[in-house]
Amino acid sequence: MEKYEQYLSDNAEDDERLAAAQVLEGLAGLRLESKLHEVAVEEAAQHRRTIWRRLLFTLAALAFLAAVAYWFFSKNEATPSMPPSEKQAPSAPAPRKEQAPEQDKLEKPREKPPIAQIKPKEEVPVPPDPIFPTFALQDELIPEPLNSAPDLVATRGQGEANAALKVLLDQFWYVTYPLQGLDISVAFPSVDENLKKRDFTAAYLELEQLSSTQAANDTLHYLRAYCLLETGEGQEALLHFAQIQNRQLAREPQLQWYRGLALLLADKRPKALALFNVIAANAGHPYRRQARKALKLLQ
């Protein structure tokens, strides 16, 4: 290497010196790149070692905490605490057998009174509410509906299926007027009077005339659906109920119950049962007990 450097300094031409300088510069760059690669590899290895040390330390800490917790709970279970009254009260000496009188030994155990002599607990009668009936704790004590279901035999013709459905509906036809959250005594006094008299045909005809003179709204849909429900037209009532579903949360519980009855009238029992199950599962629903009674009778 010394002879090569002496040749470059003494006898080499400018082109040779330039080429030699470029070669040396390239070699220096390669050495620098190799050094940087070695440093990067070493830093990556150091980073991995740091992560593993932290992971092992965390696992050791968790294992220690688990061992302490296990020891603490096992110690508490092994030494159950006694109530203060039991710790402070001195134990009474057991009675001596020889002091017990002979009559106590021969005394027979007292017999329980017959079941017929036990007086049943008196039930407090609960008056029904026309909109939200108040019920006792048991379904058997639910008051009967205030009104009967529509005469399906008269509206649909003779048939055992219609007569059987009528018998079932009469047992849970909890449908009343006035409707929840709806006062029409001022706006539609004639319709209100007919509905109070349960003249649903006359009320529906008046609603039809009103619908031809003014735009349809929630009140007209609700009243027409109610008239159709009370006359046994379940399929037509469902069309109007669909127009006001989920529109007003205050009247939605009553709409759900009435929709379930309309589904039964429309021969859609599976959908009615599904809706009654939803109502019965809601502890805060005002028609929960009616739905439970309906499910008990229909299934």
Side-chain angles (χ1 to χ4, degrees), residues 1-92 137 139 242 244-253 255-257 259-260 263 268-289 291-292 294-296 298-299:
M1 187 65 181
E2 294 178 357
K3 292 181 180 181
Y4 177 70
E5 292 178 352
Q6 184 177 1
Y7 170 76
L8 291 176
S9 61
D10 296 339
N11 301 325
E13 297 180 358
D14 294 338
D15 294 340
E16 292 177 342
R17 291 192 181 91
L18 180 60
Q22 292 178 353
V23 170
L24 293 176
E25 184 178 357
L27 292 175
L30 290 175
R31 286 195 296 273
L32 179 60
E33 183 178 355
S34 176
K35 186 64 176 177
L36 291 175
H37 178 70
E38 293 177 359
V39 171
V41 171
E42 180 62 26
E43 288 181 354
Q46 182 65 24
H47 182 66
R48 287 194 297 271
R49 288 193 293 271
T50 301
I51 292 176
W52 277 107
R53 283 197 297 270
R54 291 179 180 176
L55 180 60
L56 292 175
F57 177 77
T58 303
L59 293 176
L62 292 175
F64 176 75
L65 292 176
V68 171
Y70 175 78
W71 174 81
F72 178 77
F73 288 111
S74 61
K75 182 179 179 181
N76 289 343
E77 293 178 357
T79 58
S81 59
M82 296 177 60
S85 59
E86 295 183 4
K87 293 181 179 180
Q88 297 176 3
S91 59
L137 296 179
D139 291 343
I244 56 177
Q245 188 176 356
N246 299 325
R247 296 285 288 274
Q248 293 189 16
L249 297 178
R251 69 175 62 158
E252 186 63 24
L255 287 175
Q256 284 184 321
W257 172 248
R259 282 186 61 248
L263 287 169
K268 297 180 180 180
R269 179 174 291 198
K271 292 184 178 180
L273 292 177
L275 184 54
F276 289 157
N277 274 304
V278 172
I279 296 173
N282 187 353
H285 202 288
Y287 287 91
R288 177 175 64 91
R289 293 190 181 274
R292 291 173 59 188
L295 290 171
K296 184 178 180 180
L298 291 172
Q299 293 179 347

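Side-chain atoms are counted along with the backbone in the values below, which use heavy atoms only and exclude waters and symmetry mates.
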Discussion item. Let me confirm one number: the CZ-CD distance from Phe276 to Gln256, rounded to the nearest 0.5 Å.
Written reply: 11.0 Å
Fill in: Partners passing side-chain contact (heavy atoms from CB on, under 4.5 Å) against Gln46 (at least two apart in sequence or in another chain)
Arg49, Thr50, Arg53
Worksheet entry | From CG (Leu298) to CG (Leu273), nearest 0.5 Å | 5.5 Å
Worksheet entry | Any residue meeting side-chain contact (heavy atoms from CB on, under 4.5 Å) with Gln245, in chain and number order, not counting sequence neighbours | Glu252, Arg259
Worksheet item: When the ring planes of Tyr287 and Trp257 are compared, do they come out parallel, tilted or perpendicular, using 30° and 60° as the limits?
Response: parallel
Worksheet, complete the sentence: For Gly260 and Leu275, the nearest pair of non-hydrogen atoms, with its separation, is N-CD2, 3.5 Å
Worksheet entry | Shortest non-hydrogen contact between Ala280 and Arg292, atoms and distance | CB-CG, 3.6 Å
Worksheet item: Can you list the residues that meet the side-chain contact (heavy atoms from CB on, under 4.5 Å) rule with Asn277, with sequence neighbours excluded?
Response: Leu295, Gln299
